[in-house]
Amino acid sequence: MTAQTLLLGQTLQFTADPFHAPLAEAVRHERRGGVLIEGGRITAVGSGDDLRAGYPQAEVVDHGDHLLSAGFVDAHVHYPQTGMIASWGKRLIDWLNTYTFPEEGRFGDPTYAAEIAARYFDLMLAHGTTSCCSFTTVHPESVEAFFTEALQRNLRVVAGKTCMDRNAPDFLTDTPQSAYDQSKALAEKWHGQGRLSYAITPRFSPTSTPEQLQALGALWGERPDLLMQTHLSEQTDEIDWVRGLFPERRDYLDTYEHFGLLREGGLYGHAIHLTPREKARLKEMDAALIHCPTSNTFIGSGIFDMKGLTEGGHRIGLATDTGGGSSFSMLRTMAAAYEIGQLNGAPLHAAQLWWLATQGSARALRIDNHIGNLAAGHEADIIVVDLASTPAISQRSTRAEDFWEALFPTIMMGDDRAIRASYVAGKKV
Ligand code: GUN
Ligand code: ZN
């Protein structure tokens with residue numbers, strides 16, 4: 001028999017989507033709960049006392065008052081931007097040209113790519129994020145470095161080679177054919193190894209010719225089992241630029257749709273300035289919109305319409321967008337989503353924020369059958385959250401009258417200090 005481990009603490013489980021079900025139906029909170037782990041998976045979740053009595057042979061790890069939750073899932077990051085996060089004063093296009101492209105140029109060097117991949121995963125895990133979906137750079141070496149490191153750590157992650165064949169420096173461009181060939185070869189090598197999946201990754205329409213979008217659309221047609229990630233309607237200047245580059249296309253989304261790059265399994269980062277047609281089409285395709293709130297304020301992009309889009313039934317994930325985003329922390333990201341909701345006249349409930357950062361993002365990445373919840377059968381990617389991690393948070397949470405009021409100060413003011421432990425497939429890291 002494999003060894004069993006029983007984690008004790010407060011537990012938070014989702015039983016439905018809190019955007020569409022009443023709180024009492026959507027969430028189960030146990031003041032003194034337990035999570036049983038066996039062979040890297042969760043095998044039972046329930047009352048701590050019951051699990052203790054039912055599994056007397058299990059090794060018990062008592063996390064006291066801390067909260068046990070599914071690890072955070074960051075649905076859109078750029079791991080190569082780790083080293084230049086928090087670069088000052090530019091909006092999207094200038095920010096890319098000034099800070100991002102020179103840094104991404106370094107990732108043809110496998111040693112540097114490996115160093116940053118390891119640094120990124122260290123930071124990610126310290127912040128309680130156990131899965132992510134990452135852009136890389138144009139260099140296959142950057143994909144190799146990311147997946148090699150993730151495989152060694154047994155992480156469930158998604159990534160793909162970032163394809164660009166125009167409007168970027170020569171040292172960062174490929175061609176329609178090399179983008180197709182390299183993406184295909186990398187997907188064949190890595191997709192399905194360990195817990196890794198591959199996403200076809202055209203960076204965004206302005207940096208791909210129609211021929212490149214066509215080639216990547218064809219690849220997606222041959223490999224519909226892969227995800228596809230890109231950017232959509234982040235800034236108004238960018239949308240004007242797209243209109244100039246693709247005069248025959250109806251709107252920004254159509255620059256993807258026309259070339260076979262709109263389907264279920266598509267992940268569209270930002271999606272702020274959408275037309276009614278774009279919204280309707282994204283919904284019809286059940287494509288995922290990825291909200292990146294710290295990035296949207298940091299680069300000055302605009303207000304994502306969480307209320308309208310959730311009411312419209314869209315599939316939505318939450319993400320840091322490191323390093324256009326200003327943080328590695330999904331707690332900080334939830335806080336920013338709350339603040340943007342307030343500016344949009346619709347504050348999100350703590351349960352909705354936590355759901356977005358775990359199950360919502362896993363659902364966007366279509367890996368919610370594996371991760372994103374404390375549920376029997378799920379892989380044991382679990383975090384231990386201290387709800388009194390700083391004096392400022394502690395003095396507020398101690399006067400809370402219910403669990404949500406105790407959790408909310410950590411959402412608004414918490415960071416990596418709140419993450420006491422992260423478990424990856426049942427192993428503490
Ligand atoms: N649009 C195209 N590339 C990027 C990027 O690296 N970051 C952000 N925030 N937007 C983009
Ligand atoms: Zn991005």
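As the structure is a computational prediction, the values presented were derived from the model and not from experiment. Read the numbers this way: they start at 1 and go in the same order the structure lists the ligands and their atoms.
Within the 4.0 Å heavy-atom criterion, the part of H270 lying near ligand 1 is the side chain and not the backbone.
Taking 4.0 Å as the cut-off between side-chain N and carboxylate O, R366 and D225 do not count as a salt-bridged pair. Note on D174 versus K161: salt bridge recorded, some NZ/NE/NH1/NH2 to OD/OE distance being below 4.0 Å. Taking 4.0 Å as the cut-off between side-chain N and carboxylate O, R91 and E234 do not count as a salt-bridged pair. The pair E257-R249 does not count as a salt bridge, with every side-chain nitrogen at least 4.0 angstrom from each carboxylate oxygen. Salt-bridge formation is detected for the pair D122/R153: a Lys NZ or Arg NE/NH1/NH2 atom is positioned less than 4.0 Å from an Asp or Glu carboxylate oxygen.
Residue-ligand proximity, L96 to ligand 1, at heavy-atom distances under 4.0 Å covers atoms 3 (N), 4 (C), 5 (C), 6 (O). Of all atoms in ligand 1, numbered sequentially from 1 with element shown, those under 4.0 Å from a heavy atom of H78 are 5 (C), 6 (O), 7 (N). For ligand 1, the atoms lying closer than 4.0 Å to a non-hydrogen atom of F204 are 1 (N), 2 (C). Those atoms of ligand 1 that come under 4.0 Å of a heavy atom in I299, given as number and element, are 9 (N). The distance from ligand 1 to the heavy atoms of D321 drops below 4.0 Å at these ligand atoms: 8 (C), 9 (N).
For ligand 1, the polar-atom distance check against W95 finds no nitrogen or oxygen pair separated by under 3.5 Å. Polar contact with ligand 1: absent for E104 (N/O pair, distance under 3.5 Å). Residue E234 has at least one nitrogen or oxygen atom sitting less than 3.5 Å from a nitrogen or oxygen atom of ligand 1, judged on distance alone.
For atom 2 (C) of ligand 1, the choice among Q235, E238, H231 with the nearest heavy atom turns out to be H231.
Across I383, V45, V384, a single residue satisfies side-chain contact (heavy atoms from CB on, under 4.5 Å) together with L68, and that is V384. Residue Y79 is tested with F107, F135, F121 for a ring pair (Phe, Tyr, Trp, His ring centres under 6.0 Å); the sole match is F107. A side-chain contact (heavy atoms from CB on, under 4.5 Å) with T255 is found for exactly one of L232, V242, T230, namely V242.
By the 30° and 60° cut-offs, the orientation of the rings of H29 relative to F403 is parallel.
Counting only protein atoms, the N, O or S atoms lying less than 2.8 Å from the Zn ion (ligand 2) are H76 NE2, H78 NE2, H231 NE2, D321 OD1, ordered by chain and residue number.
Side-chain contact check for F14 versus W354: some heavy-atom pair is nearer than 4.5 Å.
With sequence neighbours excluded, the residues satisfying side chain to side chain donor-acceptor pair (under 3.5 Å) with T322 are T320.
Remark: minimum distance from atom 3 (N) of ligand 1 to any protein heavy atom is reached at R203 NE, 2.8 Å.
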